[in-house]
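What follows is a single structure, written as C-alpha coordinates, with notes after it.
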2 protein chains.
Amino acid sequence: MLTPERHRKIIEQLGEKQVVTIQELVEATSSSESTIRRDLSQLQKEKKLKRVHGGASLLHQKSEELSVIEKSAKNSPEKERIAQFAGDLVVEGDCIYIDAGTTTLKMIPYLKDKDITVVTNAISHLDLLTEYEIKTYLIGGLVKPKTKALVGSGALNSLRTYRFDKVFLGINGIHLDAGFTTPDPEEAAVKQLAISLSQKTFVLADHTKFNEASFSKVAELNEAIIITNEIDEDAAYDFQDKTDIRVVTP
Amino acid sequence: MLTPERHRKIIEQLGEKQVVTIQELVEATSSSESTIRRDLSQLQKEKKLKRVHGGASLLHQKSEELSVIEKSAKNSPEKERIAQFAGDLVVEGDCIYIDAGTTTLKMIPYLKDKDITVVTNAISHLDLLTEYEIKTYLIGGLVKPKTKALVGSGALNSLRTYRFDKVFLGINGIHLDAGFTTPDPEEAAVKQLAISLSQKTFVLADHTKFNEASFSKVAELNEAIIITNEIDEDAAYDFQDKTDIRVVTP
DNA sequence: CATTTTTCAATCAAAAACAATCATAAATAA
DNA sequence: TTATTTATGATTGTTTTTGATTGAAAAATG
(Lines give C-alpha, C1' and ligand atoms only; values in the text may rest on other atoms or scores of the structure.)
Protein backbone atom coordinates (compact mmCIF):
# COMPACT_ATOMS: atom_id res chain seq x y z
CA MET A 1 0.00 0.00 0.00
CA LEU A 2 1.32 3.41 -0.96
CA THR A 3 2.28 5.94 1.64
CA PRO A 4 -0.39 8.54 0.92
CA GLU A 5 -3.04 5.88 0.88
CA ARG A 6 -1.89 4.65 4.24
CA HIS A 7 -1.90 8.14 5.62
CA ARG A 8 -5.36 8.74 4.31
CA LYS A 9 -6.56 5.55 5.96
CA ILE A 10 -5.00 6.48 9.25
CA ILE A 11 -6.63 9.88 9.28
CA GLU A 12 -9.92 8.34 8.26
CA GLN A 13 -9.87 5.82 11.07
CA LEU A 14 -8.99 8.54 13.49
CA GLY A 15 -11.96 10.54 12.34
CA GLU A 16 -14.21 7.62 13.11
CA LYS A 17 -12.83 6.61 16.43
CA GLN A 18 -10.95 9.55 17.97
CA VAL A 19 -8.14 7.18 18.92
CA VAL A 20 -6.58 4.22 17.13
CA THR A 21 -4.06 1.64 18.27
CA ILE A 22 -1.07 0.78 16.20
CA GLN A 23 -2.32 -2.77 15.97
CA GLU A 24 -5.57 -1.66 14.40
CA LEU A 25 -3.67 0.30 11.83
CA VAL A 26 -1.32 -2.58 11.13
CA GLU A 27 -4.33 -4.71 10.30
CA ALA A 28 -6.17 -2.06 8.39
CA THR A 29 -3.21 -1.36 6.15
CA SER A 30 -1.48 -4.74 6.28
CA SER A 31 1.86 -3.16 6.82
CA SER A 32 4.33 -3.56 9.62
CA GLU A 33 4.39 -1.90 12.97
CA SER A 34 7.56 -0.06 12.04
CA THR A 35 5.92 1.48 9.03
CA ILE A 36 2.92 2.60 10.99
CA ARG A 37 5.16 4.12 13.61
CA ARG A 38 6.98 6.06 10.95
CA ASP A 39 3.67 7.19 9.49
CA LEU A 40 2.44 8.36 12.84
CA SER A 41 5.64 10.28 13.50
CA GLN A 42 5.36 12.01 10.18
CA LEU A 43 1.66 12.79 10.51
CA GLN A 44 2.33 14.15 13.93
CA LYS A 45 4.97 16.43 12.53
CA GLU A 46 2.39 17.61 10.03
CA LYS A 47 0.02 18.29 12.92
CA LYS A 48 -2.51 15.85 11.58
CA LEU A 49 -2.71 13.88 14.80
CA LYS A 50 -1.11 13.33 18.16
CA ARG A 51 0.84 10.24 19.02
CA VAL A 52 -0.08 8.59 22.28
CA HIS A 53 1.30 5.50 23.91
CA GLY A 54 0.01 2.59 21.87
CA GLY A 55 -1.35 4.56 18.96
CA ALA A 56 -2.56 8.01 18.02
CA SER A 57 -5.36 10.38 18.83
CA LEU A 58 -7.10 13.27 17.22
CA LEU A 59 -5.60 16.51 18.37
CA HIS A 60 -8.31 18.52 20.00
CA GLN A 61 -7.33 22.06 19.47
CA LYS A 62 -7.95 23.24 22.98
CA SER A 63 -5.67 25.74 24.60
CA GLU A 64 -4.49 26.84 21.21
CA GLU A 65 -7.97 27.40 19.90
CA LEU A 66 -9.15 28.96 23.10
CA SER A 67 -6.73 31.78 22.85
CA VAL A 68 -8.40 32.38 19.52
CA ILE A 69 -11.73 32.56 21.25
CA GLU A 70 -10.41 35.12 23.65
CA LYS A 71 -8.87 37.07 20.87
CA SER A 72 -11.97 36.91 18.75
CA ALA A 73 -13.61 39.21 21.19
CA LYS A 74 -12.92 42.72 20.14
CA ASN A 75 -9.63 43.45 21.66
CA SER A 76 -9.27 46.71 23.39
CA PRO A 77 -7.25 47.56 26.45
CA GLU A 78 -10.11 49.66 27.80
CA LYS A 79 -12.53 46.75 27.79
CA GLU A 80 -9.85 44.55 29.20
CA ARG A 81 -9.39 46.82 32.20
CA ILE A 82 -13.11 47.08 32.78
CA ALA A 83 -13.36 43.33 32.62
CA GLN A 84 -10.54 42.86 35.08
CA PHE A 85 -12.07 45.28 37.52
CA ALA A 86 -15.37 43.47 37.32
CA GLY A 87 -13.75 40.08 37.66
CA ASP A 88 -11.91 41.19 40.77
CA LEU A 89 -15.19 42.15 42.41
CA VAL A 90 -16.21 38.53 42.49
CA VAL A 91 -15.29 36.78 45.70
CA GLU A 92 -15.16 33.20 46.82
CA GLY A 93 -18.58 31.63 47.15
CA ASP A 94 -20.40 34.14 44.98
CA CYS A 95 -23.27 33.22 42.72
CA ILE A 96 -23.15 35.56 39.78
CA TYR A 97 -24.93 36.16 36.50
CA ILE A 98 -22.85 37.07 33.48
CA ASP A 99 -24.69 38.61 30.60
CA ALA A 100 -23.89 38.02 26.94
CA GLY A 101 -21.41 40.48 25.43
CA THR A 102 -17.79 40.97 24.56
CA THR A 103 -16.76 42.83 27.67
CA THR A 104 -18.41 40.38 30.00
CA LEU A 105 -16.70 37.57 28.12
CA LYS A 106 -13.37 39.07 28.98
CA MET A 107 -14.19 38.91 32.68
CA ILE A 108 -13.97 35.17 32.66
CA PRO A 109 -10.18 34.76 32.79
CA TYR A 110 -10.22 36.86 35.95
CA LEU A 111 -12.54 34.37 37.61
CA LYS A 112 -10.03 31.58 37.38
CA ASP A 113 -9.52 29.49 40.50
CA LYS A 114 -12.38 31.13 42.34
CA ASP A 115 -14.92 28.80 43.82
CA ILE A 116 -18.03 30.40 42.43
CA THR A 117 -21.18 29.57 40.53
CA VAL A 118 -21.92 31.30 37.29
CA VAL A 119 -25.23 31.57 35.49
CA THR A 120 -25.30 32.98 32.00
CA ASN A 121 -27.47 33.36 28.92
CA ALA A 122 -24.44 33.50 26.64
CA ILE A 123 -23.60 30.35 24.79
CA SER A 124 -20.41 31.95 23.59
CA HIS A 125 -19.11 32.17 27.14
CA LEU A 126 -19.28 28.49 27.79
CA ASP A 127 -16.02 27.46 26.19
CA LEU A 128 -14.01 29.74 28.40
CA LEU A 129 -16.05 28.99 31.51
CA THR A 130 -15.61 25.26 31.16
CA GLU A 131 -11.97 25.68 30.27
CA TYR A 132 -11.43 27.41 33.59
CA GLU A 133 -13.50 24.73 35.29
CA ILE A 134 -16.05 27.15 36.64
CA LYS A 135 -19.36 25.67 37.71
CA THR A 136 -21.74 27.01 35.12
CA TYR A 137 -25.47 27.03 34.60
CA LEU A 138 -27.00 28.06 31.36
CA ILE A 139 -30.51 29.41 31.29
CA GLY A 140 -32.84 27.88 28.73
CA GLY A 141 -34.75 29.56 25.96
CA LEU A 142 -34.77 30.42 22.32
CA VAL A 143 -31.37 30.64 20.68
CA LYS A 144 -31.03 34.03 19.06
CA PRO A 145 -29.18 33.08 15.90
CA LYS A 146 -26.97 36.11 15.44
CA THR A 147 -25.63 36.60 18.92
CA LYS A 148 -26.09 33.06 20.23
CA ALA A 149 -27.76 34.43 23.32
CA LEU A 150 -30.79 32.91 24.98
CA VAL A 151 -33.97 34.95 25.07
CA GLY A 152 -37.72 34.62 25.23
CA SER A 153 -40.16 33.43 27.84
CA GLY A 154 -38.29 30.19 28.30
CA ALA A 155 -35.21 32.16 29.18
CA LEU A 156 -37.12 34.29 31.65
CA ASN A 157 -38.73 31.34 33.36
CA SER A 158 -35.45 29.56 33.55
CA LEU A 159 -33.67 32.59 34.90
CA ARG A 160 -36.30 33.15 37.54
CA THR A 161 -35.24 30.00 39.34
CA TYR A 162 -31.93 31.54 40.40
CA ARG A 163 -30.83 34.26 42.84
CA PHE A 164 -27.57 36.15 42.54
CA ASP A 165 -25.05 37.94 44.67
CA LYS A 166 -23.89 39.98 41.72
CA VAL A 167 -25.02 40.51 38.16
CA PHE A 168 -22.73 41.75 35.39
CA LEU A 169 -24.40 43.24 32.34
CA GLY A 170 -23.25 44.65 29.07
CA ILE A 171 -25.30 47.59 27.89
CA ASN A 172 -25.53 49.72 24.76
CA GLY A 173 -26.70 53.06 26.04
CA ILE A 174 -26.45 55.00 29.28
CA HIS A 175 -28.58 58.08 29.19
CA LEU A 176 -29.77 60.57 31.79
CA ASP A 177 -33.39 60.27 30.81
CA ALA A 178 -33.60 56.91 29.08
CA GLY A 179 -31.56 55.05 31.68
CA PHE A 180 -29.85 51.83 30.61
CA THR A 181 -30.93 50.74 27.15
CA THR A 182 -30.18 48.03 24.62
CA PRO A 183 -31.43 47.40 21.06
CA ASP A 184 -33.28 44.13 21.46
CA PRO A 185 -36.40 44.06 23.65
CA GLU A 186 -36.02 40.34 24.21
CA GLU A 187 -32.54 40.76 25.58
CA ALA A 188 -33.67 43.75 27.58
CA ALA A 189 -36.28 41.63 29.30
CA VAL A 190 -33.65 39.09 30.30
CA LYS A 191 -31.32 41.76 31.67
CA GLN A 192 -34.21 43.36 33.52
CA LEU A 193 -35.13 40.15 35.23
CA ALA A 194 -31.52 39.39 36.10
CA ILE A 195 -31.25 42.72 37.86
CA SER A 196 -34.34 42.02 39.90
CA LEU A 197 -32.88 38.72 41.06
CA SER A 198 -29.63 40.14 42.34
CA GLN A 199 -28.34 41.95 45.35
CA LYS A 200 -26.05 44.10 43.28
CA THR A 201 -25.85 44.86 39.60
CA PHE A 202 -22.83 46.04 37.66
CA VAL A 203 -22.98 47.45 34.18
CA LEU A 204 -19.81 47.12 32.14
CA ALA A 205 -19.63 49.94 29.62
CA ASP A 206 -16.81 51.86 28.02
CA HIS A 207 -17.03 55.62 27.62
CA THR A 208 -18.65 55.46 24.18
CA LYS A 209 -21.89 54.26 25.73
CA PHE A 210 -22.58 57.42 27.70
CA ASN A 211 -25.29 59.74 26.49
CA GLU A 212 -26.46 57.12 24.05
CA ALA A 213 -29.90 55.58 24.06
CA SER A 214 -31.21 52.58 22.23
CA PHE A 215 -34.61 51.10 21.73
CA SER A 216 -35.38 49.07 24.83
CA LYS A 217 -35.09 50.21 28.37
CA VAL A 218 -33.45 47.82 30.77
CA ALA A 219 -33.42 49.75 34.02
CA GLU A 220 -33.15 53.10 35.71
CA LEU A 221 -29.69 54.49 36.25
CA ASN A 222 -29.83 53.98 40.00
CA GLU A 223 -30.42 50.28 39.70
CA ALA A 224 -26.84 49.42 38.83
CA ILE A 225 -23.27 50.42 39.40
CA ILE A 226 -21.45 51.42 36.24
CA ILE A 227 -17.90 50.25 35.59
CA THR A 228 -16.25 52.25 32.85
CA ASN A 229 -12.82 53.28 31.66
CA GLU A 230 -13.15 57.04 31.54
CA ILE A 231 -15.74 59.74 31.75
CA ASP A 232 -15.49 63.40 30.89
CA GLU A 233 -16.11 66.03 33.51
CA ASP A 234 -19.45 67.15 32.16
CA ALA A 235 -20.85 63.68 32.14
CA ALA A 236 -19.42 62.97 35.56
CA TYR A 237 -21.22 66.01 36.88
CA ASP A 238 -24.47 65.12 35.16
CA PHE A 239 -24.51 61.54 36.34
CA GLN A 240 -23.10 61.88 39.81
CA ASP A 241 -26.40 62.14 41.62
CA LYS A 242 -28.22 59.64 39.48
CA THR A 243 -26.00 56.64 39.67
CA ASP A 244 -22.81 55.14 40.97
CA ILE A 245 -19.86 55.15 38.60
CA ARG A 246 -16.52 53.39 39.10
CA VAL A 247 -13.85 54.58 36.73
CA VAL A 248 -11.12 52.06 36.12
CA THR A 249 -7.79 53.85 36.14
CA PRO A 250 -5.10 52.26 34.04
CA MET B 1 -0.16 2.16 -26.88
CA LEU B 2 0.19 5.78 -27.80
CA THR B 3 1.35 8.35 -25.36
CA PRO B 4 -1.83 10.45 -25.11
CA GLU B 5 -3.91 7.35 -24.66
CA ARG B 6 -1.65 6.20 -21.86
CA HIS B 7 -1.90 9.56 -20.20
CA ARG B 8 -5.64 9.49 -20.44
CA LYS B 9 -5.73 6.07 -18.86
CA ILE B 10 -3.48 7.12 -16.04
CA ILE B 11 -5.62 10.12 -15.19
CA GLU B 12 -8.71 7.99 -15.43
CA GLN B 13 -7.40 5.40 -13.02
CA LEU B 14 -6.35 8.11 -10.66
CA GLY B 15 -9.79 9.61 -10.71
CA GLU B 16 -11.24 6.28 -9.69
CA LYS B 17 -8.79 5.31 -7.02
CA GLN B 18 -7.11 8.43 -5.62
CA VAL B 19 -3.76 6.65 -5.82
CA VAL B 20 -2.29 4.17 -8.29
CA THR B 21 0.89 2.14 -8.21
CA ILE B 22 3.25 2.01 -11.10
CA GLN B 23 2.70 -1.71 -11.33
CA GLU B 24 -1.01 -1.24 -11.81
CA LEU B 25 -0.35 1.19 -14.59
CA VAL B 26 2.17 -1.12 -16.22
CA GLU B 27 -0.50 -3.78 -16.41
CA ALA B 28 -3.26 -1.47 -17.45
CA THR B 29 -1.26 -0.05 -20.33
CA SER B 30 1.01 -3.00 -21.04
CA SER B 31 3.99 -0.77 -21.29
CA SER B 32 7.22 -0.81 -19.38
CA GLU B 33 7.98 0.65 -16.04
CA SER B 34 10.32 3.16 -17.59
CA THR B 35 7.61 4.50 -19.82
CA ILE B 36 5.17 4.87 -16.99
CA ARG B 37 7.79 6.69 -14.97
CA ARG B 38 8.33 9.10 -17.79
CA ASP B 39 4.61 9.60 -18.12
CA LEU B 40 4.24 10.32 -14.45
CA SER B 41 7.11 12.79 -14.49
CA GLN B 42 5.56 14.62 -17.37
CA LEU B 43 2.05 14.62 -15.94
CA GLN B 44 3.44 15.90 -12.71
CA LYS B 45 5.11 18.76 -14.52
CA GLU B 46 1.75 19.52 -16.08
CA LYS B 47 0.24 19.55 -12.59
CA LYS B 48 -2.11 16.73 -13.45
CA LEU B 49 -1.04 14.58 -10.54
CA LYS B 50 1.51 14.16 -7.80
CA ARG B 51 4.16 11.53 -7.90
CA VAL B 52 4.64 9.53 -4.75
CA HIS B 53 7.01 6.75 -4.00
CA GLY B 54 5.60 3.72 -5.77
CA GLY B 55 3.12 5.50 -7.96
CA ALA B 56 1.07 8.66 -8.11
CA SER B 57 -1.73 10.34 -6.25
CA LEU B 58 -4.42 12.84 -7.02
CA LEU B 59 -3.31 16.41 -6.59
CA HIS B 60 -6.20 17.33 -4.33
CA GLN B 61 -6.16 14.30 -2.11
CA LYS B 62 -9.76 14.46 -1.06
CA SER B 63 -9.21 15.22 2.59
CA GLU B 64 -12.88 16.01 2.74
CA GLU B 65 -13.26 19.61 3.67
CA LEU B 66 -16.25 19.18 5.88
CA SER B 67 -17.24 22.22 7.75
CA VAL B 68 -15.02 22.24 10.77
CA ILE B 69 -18.02 21.74 12.92
CA GLU B 70 -19.11 18.53 11.28
CA LYS B 71 -15.57 17.26 11.21
CA SER B 72 -15.26 17.32 14.93
CA ALA B 73 -17.90 14.66 15.23
CA LYS B 74 -16.94 11.04 14.99
CA ASN B 75 -17.15 10.15 11.39
CA SER B 76 -18.48 6.89 10.18
CA PRO B 77 -20.66 5.95 7.27
CA GLU B 78 -22.84 3.79 9.51
CA LYS B 79 -23.71 6.65 11.79
CA GLU B 80 -24.22 8.86 8.81
CA ARG B 81 -26.86 6.54 7.40
CA ILE B 82 -28.61 6.23 10.73
CA ALA B 83 -28.60 9.99 11.03
CA GLN B 84 -30.02 10.45 7.57
CA PHE B 85 -32.80 7.99 8.21
CA ALA B 86 -33.69 9.79 11.42
CA GLY B 87 -33.51 13.18 9.76
CA ASP B 88 -35.85 12.04 7.02
CA LEU B 89 -38.46 11.07 9.59
CA VAL B 90 -38.90 14.68 10.54
CA VAL B 91 -41.69 16.40 8.64
CA GLU B 92 -42.73 19.97 8.15
CA GLY B 93 -44.17 21.51 11.27
CA ASP B 94 -42.71 19.01 13.70
CA CYS B 95 -41.51 19.96 17.13
CA ILE B 96 -38.66 17.65 17.98
CA TYR B 97 -36.13 17.10 20.72
CA ILE B 98 -32.60 16.21 19.72
CA ASP B 99 -30.46 14.67 22.41
CA ALA B 100 -26.74 15.29 22.84
CA GLY B 101 -24.49 12.87 20.99
CA THR B 102 -22.46 12.42 17.86
CA THR B 103 -25.04 10.52 15.85
CA THR B 104 -27.82 12.94 16.67
CA LEU B 105 -25.52 15.77 15.66
CA LYS B 106 -25.23 14.28 12.23
CA MET B 107 -28.99 14.40 11.81
CA ILE B 108 -28.95 18.14 11.61
CA PRO B 109 -27.83 18.56 8.00
CA TYR B 110 -30.82 16.44 6.99
CA LEU B 111 -33.18 18.89 8.66
CA LYS B 112 -32.17 21.69 6.36
CA ASP B 113 -34.99 23.74 4.87
CA LYS B 114 -37.64 22.07 6.97
CA ASP B 115 -39.88 24.40 8.89
CA ILE B 116 -39.56 22.79 12.28
CA THR B 117 -38.80 23.64 15.88
CA VAL B 118 -35.94 21.94 17.63
CA VAL B 119 -35.31 21.69 21.34
CA THR B 120 -32.02 20.30 22.55
CA ASN B 121 -29.82 19.91 25.59
CA ALA B 122 -26.67 19.82 23.47
CA ILE B 123 -24.67 22.97 23.30
CA SER B 124 -22.50 21.39 20.66
CA HIS B 125 -25.43 21.14 18.29
CA LEU B 126 -26.13 24.83 18.23
CA ASP B 127 -23.55 25.85 15.69
CA LEU B 128 -24.97 23.56 13.04
CA LEU B 129 -28.57 24.29 13.96
CA THR B 130 -28.12 28.01 13.65
CA GLU B 131 -26.07 27.58 10.50
CA TYR B 132 -29.05 25.86 8.91
CA GLU B 133 -31.36 28.52 10.32
CA ILE B 134 -33.44 26.09 12.29
CA LYS B 135 -35.55 27.56 15.07
CA THR B 136 -33.86 26.24 18.17
CA TYR B 137 -34.60 26.23 21.86
CA LEU B 138 -32.00 25.21 24.36
CA ILE B 139 -33.08 23.85 27.68
CA GLY B 140 -31.42 25.35 30.75
CA GLY B 141 -29.39 23.69 33.44
CA LEU B 142 -25.94 22.83 34.62
CA VAL B 143 -23.30 22.63 31.94
CA LYS B 144 -21.62 19.25 32.13
CA PRO B 145 -18.03 20.21 31.42
CA LYS B 146 -16.87 17.19 29.49
CA THR B 147 -19.72 16.70 27.08
CA LYS B 148 -21.15 20.24 27.07
CA ALA B 149 -24.59 18.87 27.65
CA LEU B 150 -27.16 20.38 29.98
CA VAL B 151 -28.26 18.32 32.96
CA GLY B 152 -29.64 18.64 36.45
CA SER B 153 -32.89 19.81 37.93
CA GLY B 154 -32.74 23.05 36.00
CA ALA B 155 -32.57 21.08 32.79
CA LEU B 156 -35.51 18.93 33.81
CA ASN B 157 -37.67 21.88 34.78
CA SER B 158 -36.80 23.66 31.62
CA LEU B 159 -37.48 20.61 29.49
CA ARG B 160 -40.83 20.04 31.15
CA THR B 161 -42.22 23.16 29.56
CA TYR B 162 -42.12 21.62 26.10
CA ARG B 163 -44.05 18.89 24.27
CA PHE B 164 -42.70 17.02 21.27
CA ASP B 165 -43.88 15.20 18.20
CA LYS B 166 -40.69 13.20 18.05
CA VAL B 167 -37.69 12.69 20.27
CA PHE B 168 -34.32 11.49 19.00
CA LEU B 169 -31.95 10.01 21.54
CA GLY B 170 -28.46 8.63 21.53
CA ILE B 171 -27.95 5.71 23.85
CA ASN B 172 -25.01 3.63 25.06
CA GLY B 173 -26.54 0.26 25.75
CA ILE B 174 -29.49 -1.72 24.47
CA HIS B 175 -30.04 -4.81 26.53
CA LEU B 176 -32.85 -7.35 26.82
CA ASP B 177 -33.08 -7.06 30.58
CA ALA B 178 -31.57 -3.66 31.28
CA GLY B 179 -33.41 -1.82 28.52
CA PHE B 180 -31.91 1.41 27.26
CA THR B 181 -28.99 2.53 29.39
CA THR B 182 -26.41 5.30 29.50
CA PRO B 183 -23.45 5.94 31.82
CA ASP B 184 -24.47 9.19 33.45
CA PRO B 185 -27.55 9.23 35.70
CA GLU B 186 -28.03 12.93 35.17
CA GLU B 187 -28.20 12.51 31.43
CA ALA B 188 -30.41 9.49 31.85
CA ALA B 189 -32.91 11.60 33.76
CA VAL B 190 -33.03 14.13 30.95
CA LYS B 191 -33.55 11.46 28.32
CA GLN B 192 -36.22 9.84 30.45
CA LEU B 193 -38.17 13.03 30.76
CA ALA B 194 -37.84 13.79 27.07
CA ILE B 195 -39.37 10.42 26.25
CA SER B 196 -42.32 11.13 28.50
CA LEU B 197 -42.98 14.41 26.75
CA SER B 198 -43.11 12.99 23.26
CA GLN B 199 -45.54 11.14 21.07
CA LYS B 200 -42.80 9.03 19.59
CA THR B 201 -39.25 8.29 20.59
CA PHE B 202 -36.44 7.15 18.34
CA VAL B 203 -33.17 5.77 19.61
CA LEU B 204 -30.20 6.15 17.28
CA ALA B 205 -27.72 3.38 17.92
CA ASP B 206 -25.25 1.52 15.77
CA HIS B 207 -24.89 -2.23 16.09
CA THR B 208 -22.16 -2.04 18.72
CA LYS B 209 -24.70 -0.88 21.29
CA PHE B 210 -26.73 -4.07 21.30
CA ASN B 211 -26.40 -6.41 24.26
CA GLU B 212 -24.49 -3.75 26.15
CA ALA B 213 -25.64 -2.26 29.40
CA SER B 214 -24.41 0.82 31.19
CA PHE B 215 -25.04 2.21 34.61
CA SER B 216 -28.24 4.19 34.34
CA LYS B 217 -31.50 3.00 32.94
CA VAL B 218 -33.27 5.37 30.61
CA ALA B 219 -36.29 3.42 29.51
CA GLU B 220 -37.77 0.03 28.71
CA LEU B 221 -37.15 -1.34 25.26
CA ASN B 222 -40.77 -0.90 24.19
CA GLU B 223 -40.72 2.82 24.85
CA ALA B 224 -38.77 3.72 21.75
CA ILE B 225 -38.15 2.73 18.17
CA ILE B 226 -34.54 1.78 17.50
CA ILE B 227 -32.80 2.99 14.37
CA THR B 228 -29.64 1.03 13.69
CA ASN B 229 -27.36 0.06 10.83
CA GLU B 230 -27.30 -3.70 11.22
CA ILE B 231 -28.30 -6.41 13.57
CA ASP B 232 -27.32 -10.06 13.60
CA GLU B 233 -29.94 -12.75 13.39
CA ASP B 234 -29.69 -13.86 16.98
CA ALA B 235 -30.20 -10.37 18.27
CA ALA B 236 -33.02 -9.74 15.83
CA TYR B 237 -34.78 -12.81 17.13
CA ASP B 238 -34.20 -11.91 20.75
CA PHE B 239 -35.39 -8.36 20.39
CA GLN B 240 -38.25 -8.76 17.95
CA ASP B 241 -41.03 -9.05 20.50
CA LYS B 242 -39.60 -6.53 22.88
CA THR B 243 -39.13 -3.51 20.72
CA ASP B 244 -39.38 -2.00 17.29
CA ILE B 245 -36.18 -1.97 15.25
CA ARG B 246 -35.61 -0.21 11.95
CA VAL B 247 -32.48 -1.33 10.17
CA VAL B 248 -31.07 1.22 7.79
CA THR B 249 -30.00 -0.56 4.64
CA PRO B 250 -27.16 1.01 2.73
C1' DC C 1 7.52 -1.28 44.72
C1' DA C 2 9.31 -4.93 42.12
C1' DT C 3 8.10 -7.66 38.17
C1' DT C 4 6.08 -8.48 33.95
C1' DT C 5 4.24 -6.99 29.76
C1' DT C 6 3.71 -3.79 26.31
C1' DT C 7 5.26 -0.18 23.56
C1' DC C 8 8.94 2.57 21.85
C1' DA C 9 13.00 4.43 19.14
C1' DA C 10 17.08 3.08 16.82
C1' DT C 11 19.46 0.25 13.81
C1' DC C 12 20.18 -2.62 9.87
C1' DA C 13 19.75 -5.54 6.00
C1' DA C 14 16.60 -6.74 2.33
C1' DA C 15 13.43 -5.27 -0.93
C1' DA C 16 11.31 -2.01 -3.74
C1' DA C 17 11.41 2.00 -6.33
C1' DC C 18 14.16 5.35 -8.41
C1' DA C 19 16.91 8.28 -12.00
C1' DA C 20 20.21 7.84 -15.42
C1' DT C 21 22.03 5.68 -19.25
C1' DC C 22 22.12 3.15 -23.42
C1' DA C 23 20.80 0.41 -27.25
C1' DT C 24 17.07 -0.67 -30.13
C1' DA C 25 12.82 0.16 -32.60
C1' DA C 26 9.60 3.13 -34.57
C1' DA C 27 8.40 7.44 -36.68
C1' DT C 28 9.67 11.39 -39.38
C1' DA C 29 12.31 14.01 -42.58
C1' DA C 30 15.76 14.45 -46.09
C1' DT D 1 16.19 5.02 -49.73
C1' DT D 2 19.11 6.97 -45.74
C1' DA D 3 19.64 10.03 -41.96
C1' DT D 4 17.70 11.86 -37.94
C1' DT D 5 14.74 12.32 -34.43
C1' DT D 6 11.80 10.31 -30.96
C1' DA D 7 9.89 6.93 -28.00
C1' DT D 8 10.57 2.71 -25.77
C1' DG D 9 12.34 -1.00 -22.82
C1' DA D 10 16.21 -3.07 -20.61
C1' DT D 11 20.09 -2.37 -17.51
C1' DT D 12 22.67 -0.28 -13.92
C1' DG D 13 23.93 1.68 -9.67
C1' DT D 14 21.76 4.58 -6.18
C1' DT D 15 18.19 6.01 -3.06
C1' DT D 16 14.09 5.20 -0.49
C1' DT D 17 11.11 2.42 1.89
C1' DT D 18 10.23 -1.41 4.51
C1' DG D 19 10.01 -5.02 8.17
C1' DA D 20 12.61 -7.48 11.61
C1' DT D 21 15.43 -7.08 15.64
C1' DT D 22 17.22 -5.03 19.64
C1' DG D 23 17.66 -2.85 24.13
C1' DA D 24 15.44 1.01 26.47
C1' DA D 25 11.34 3.16 28.21
C1' DA D 26 6.68 3.15 29.61
C1' DA D 27 2.51 1.08 31.28
C1' DA D 28 0.28 -2.61 33.60
C1' DT D 29 0.24 -6.07 37.03
C1' DG D 30 0.61 -8.32 41.30
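Quick caveat: nothing in here was measured; it's all calculated off a predicted structure. Protein chains get the first letters and strands the later ones, always in sequence-line order, with residue 1 at the start of each. Values below: every heavy atom of this structure, side chains too, minus hydrogens, waters and symmetry copies.
- In this structure, A:Leu40 atom CG and D:dT17 atom P are separated by 16 Å, rounded to whole Å.
- With salt bridges taken as basic N to acidic carboxylate O contacts below 4.0 Å, one links A:Lys148 and B:Asp127.
- Within the 4.0 angstrom heavy-atom criterion, only backbone atoms of the sugar-phosphate kind lie near B:Val52; the bases stay farther away.
- Residues in residues 216-250 of chain B take part in these ring-ring contact (aromatic ring centres under 6.0 Å, His included) pairs, two or more places apart or across chains: B:Phe210-B:Phe239.
- In this structure, A:Gln23 places its CD atom 13 Å from P of D:dG19, rounding to the nearest Å.
- In this structure, B:Thr201 contributes its side chain and B:Ala224 its backbone to no donor-acceptor pair below 3.5 Å.
- Atom pair A:Ile36:CD1 and C:dT7:P shows a separation of 14 Å (rounding to whole Å applied).
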(request) Could you run through nucleotides 4-12 of chain D and give me one letter per nucleotide, 5' to 3': B if any protein heavy atom sits under 4.0 Å from the base, S if only the sugar-phosphate is that close, - if neither? (result) ----BBB--
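- Between B:Lys45 atom NZ and C:dA19 atom P the separation is 12 Å, expressed in whole Å.
- Evaluated for a side-chain contact (heavy atoms from CB on, under 4.5 Å) with B:Tyr97, the options B:Thr104, B:Leu193, B:Val190, B:Ile195 yield exactly one hit, B:Val190.
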Strictly under 3.5 Å: I want the nitrogen or oxygen pairs between protein and nucleotides 23-27 of chain D, one per line.
none

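- Protein atom CD of A:Glu5 is 12 Å distant from nucleotide atom P of D:dT18, rounded to whole Å.
- Here the rule is side-chain contact (heavy atoms from CB on, under 4.5 Å) with B:Val119, and of B:Ile98, B:Ile96, B:Ile139 only B:Ile139 fits it.
- At distances below 3.5 Å, not a single donor-acceptor pair connects side-chain atoms of B:Glu186 with backbone N or O atoms of B:Val151.
- When each of B:Leu14, B:Val19, B:Val20, B:Leu58 is tested with B:Leu49 by the rule side-chain contact (heavy atoms from CB on, under 4.5 Å), just one qualifies, namely B:Leu14.
- In this structure, B:His175 and B:Leu221 approach most closely via the heavy-atom pair O-CD1, 3.7 Å.
- For the pair A:Arg37 CZ and D:dT21 P, the computed distance is 15 Å after rounding to whole Å.
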